[in-house]
2 protein chains.
Amino acid sequence: MDTRNAAVKLEALGNPTRLALYRALVKAGHGGLSVGECQQRLQIASSTLSFHLKALIHAGLVAQERQSRTLICRANYDVMNALVGFLVDECCVEEQC
Amino acid sequence: MDTRNAAVKLEALGNPTRLALYRALVKAGHGGLSVGECQQRLQIASSTLSFHLKALIHAGLVAQERQSRTLICRANYDVMNALVGFLVDECCVEEQC
DNA sequence: AAGTTATTTTCACAAAACTAGAAATATGGA
DNA sequence: TCCATATTTCTAGTTTTGTGAAAATAACTT
């Protein structure tokens with residue numbers, strides 16, 4: 001994970017709607033949520049949801065799996081852990097904490 | 001830390017220039033860096049640096065302390081740790097991981 | 001094939017973010 | 001007071017983001 005990569009993920013999470021969406025998926029856990037379930041929880045236009053969902057997927061924070069007509073969305077925990085690791089990494093390299 | 005608050009911090013970190021700036025401060029550790037030292041490392045216009053610095057300070061991620069004519073900037077580690085905690089919090093509430 | 005449900009893409013627009021030059025402010029020194 | 005250094009604010013231009021209605025696509029059912 002480099003700086004540019006981390007910035008994409010952080011920017012994805014740095015929007016209130018997307019952060020709420022992501023957290024809903026984190027809470028949902030392994031089972032994930034369908035796009036429709038996400039929409040019910042967030043109460044936003046489907047096109048707006050799709051727009052934000054795409055950003056999270058592009059950032060690698062969310063994955064989708066099709067089950068017949070519905071798309072299941074899941075938080076990618078590994079990617080979030082890597083991001084957290086990046087943030088705390090290299091702390092006080094030039095001077096001890 | 002609520003969602004809106006976390007989003008402000010994540011958005012602040014979600015810009016490549018600001019993330020590089022923040023990481024420079026994290027690396028610098030307790031001693032921090034002056035605004036001028038930050039500018040030397042990032043090689044951007046001083047007004048641009050000031051603009052991004054303000055965003056990090058507003059988000060609570062960076063603190064400043066004046067020492068005569070120079071302003072020393074330091075990463076606020078407590079705030080970052082709280083943000084990281086918020087991100088991993090509530091993981092899989094609805095279903096076990 | 002025709003209809004139904006689930007989701008995305010296109011489009012248009014308003015709002016916000018990013019950038020940097022120039023001017024202004026703050027602090028200390030001669 | 002006058003000058004130098006450090007940093008911010010103002011201003012203006014360009015680019016990007018966020019939103020939702022309407023249309024399009026995908027997958028299933030009858």
Side-chain angles (χ1 to χ4, degrees), chain A residues 3-25 28 31-76, chain B residues 3-25 28 31-76:
Chain A
T3 305
R4 203 171 309 169
N5 211 265
V8 169
K9 294 177 184 15
L10 289 163
E11 187 188 21
L13 293 173
N15 170 278
T17 301
R18 282 194 298 269
L19 184 56
L21 171 56
Y22 180 73
R23 295 204 95 212
L25 293 175
L33 296 174
S34 71
V35 176
E37 285 170 330
C38 291
Q39 197 194 349
Q40 285 183 328
R41 302 199 184 197
L42 297 185
Q43 295 287 320
I44 55 177
S46 59
S47 56
T48 302
L49 174 60
S50 190
F51 170 82
H52 288 301
L53 208 40
K54 194 157 71 172
L56 288 172
I57 291 166
H58 173 250
L61 288 160
V62 167
Q64 277 183 328
E65 179 200 351
R66 181 171 284 280
Q67 284 182 1
S68 155
R69 269 183 299 203
T70 71
L71 274 170
I72 305 298
C73 308
R74 292 190 186 85
N76 194 335
Chain B
T3 306
R4 202 171 309 168
N5 210 265
V8 168
K9 293 176 185 16
L10 290 163
E11 187 189 20
L13 293 172
N15 170 277
T17 300
R18 280 194 299 268
L19 184 55
L21 171 57
Y22 181 72
R23 295 204 94 214
L25 293 175
L33 296 174
S34 71
V35 176
E37 285 170 331
C38 292
Q39 196 194 349
Q40 284 183 330
R41 302 199 185 196
L42 298 184
Q43 294 288 319
I44 56 178
S46 59
S47 55
T48 303
L49 173 60
S50 190
F51 170 83
H52 289 301
L53 206 41
K54 194 157 71 171
L56 289 172
I57 291 166
H58 173 249
L61 289 160
V62 168
Q64 276 183 331
E65 178 200 350
R66 181 172 285 279
Q67 283 182 1
S68 156
R69 268 185 299 203
T70 71
L71 274 170
I72 304 299
C73 309
R74 291 190 186 85
N76 193 335

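First the proteins, then the strands, lettered A, B, ... as listed; each starts at 1. For clarity, every value in this text was computed on a predicted model and none was experimentally measured.
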For this session: Determine the contact category for B:Ser68: base if any of its heavy atoms lies under 4.0 Å from a base atom, sugar-phosphate if only primed atoms, P, OP1 or OP2 are that close, otherwise nothing.
Result: sugar-phosphate

For this session: Whole angstrom is fine here: how far is it from CD1 in A:Ile57 over to C1' in C:dT7?
Result: 11 Å

Exercise. Does any non-hydrogen side-chain atom of A:Leu13 lie less than 4.5 Å from one of A:Leu56?
Worked result: yes

For this session: Identify which nucleotide among C:dA26, D:dT8, C:dT7 has an atom closest to any side-chain atom of B:Ser46, counting heavy atoms from C-beta outward.
Result: D:dT8

Problem set entry | Minimum-distance nucleotide (side-chain atoms of A:Arg18 versus D:dT7, D:dG20, D:dG18) | D:dG18

Exercise. Taking atom C1' of D:dA21 as reference, at what distance in whole Å does atom CG of A:Leu49 sit?
Worked result: 16 Å

Exercise. Between A:Ile44 (CD1) and D:dA21 (P), how many Å, whole number?
Worked result: 12 Å

For this session: Would you mind reading off the distance between A:Phe51 atom CZ and C:dA12 atom C1', rounded to a whole angstrom?
Result: 14 Å

For this session: Answer yes or no: does a side-chain N or O of A:His52 lie under 4.0 Å from OP1 or OP2 of D:dT17?
Result: no

For this session: Rounded off to whole Å, could you give me the CG-to-P distance for the B:Leu21 and C:dC18 pair?
Result: 13 Å

Exercise. Quick one: is A:Lys54 getting a side-chain N or O under 4.0 Å of the C:dT9 phosphate, OP1 or OP2?
Worked result: yes

Seminar exercise, completed: Ranking C:dT7, C:dT27, D:dA27 by distance to the side chain of B:Arg69, first place goes to C:dT27

Exercise. Rounded to the nearest Å, what distance is computed from the CZ atom of residue A:Arg66 to the P atom of nucleotide D:dA27?
Worked result: 5 Å

Seminar exercise, completed: Quick note, A:Thr17 side chain, CB onward, closest among D:dT19, C:dT7, C:dT19 is D:dT19

Exercise. What nucleic acid atoms does B:Gln67 come within less than 4.0 Å of, heavy atoms only: base, sugar-phosphate, or nothing?
Worked result: nothing

For this session: Under 4.0 Å between any heavy atoms, over every strand shown, what does A:Thr70 touch: base, sugar-phosphate, or nothing? Just pick one.
Result: sugar-phosphate

For this session: Kindly indicate whether the side chain of A:Ser50, heavy atoms from C-beta on, has any atom under 4.5 Å from the side chain of A:Val35.
Result: no

Exercise. What is the nucleic acid contact for A:Gln64, judged by heavy atoms within less than 4.0 Å: base, sugar-phosphate only, or nothing?
Worked result: sugar-phosphate

Exercise. Do B:Leu53 and B:Cys38 come close enough that some side-chain heavy atom pair is under 4.5 Å?
Worked result: no

Problem set entry | Student check: side-chain heavy atoms of B:Glu65 and B:Gln67 closer than 4.5 Å | yes

For this session: Would you indicate whether the side-chain heavy atoms of B:Leu33 and B:Arg41 approach each other to under 4.5 Å?
Result: yes

For this session: Return no unless some side-chain N or O of A:Ser47 is found under 4.0 Å from OP1 or OP2 of D:dG20.
Result: no

Problem set entry | N or O in side chain of A:Asn15 less than 4.0 angstrom from D:dT17 OP1/OP2 | no

Exercise. How long is the line joining CG of B:Leu42 and P of C:dT19, in whole Å?
Worked result: 11 Å

For this session: For A:Glu11 and C:dA17, give me the distance from atom CD to atom C1', rounded to whole Å.
Result: 10 Å

Problem set entry | Polar pair under 3.5 Å, donor/acceptor by atom type, side chain A:Thr48, base D:dG18 | no

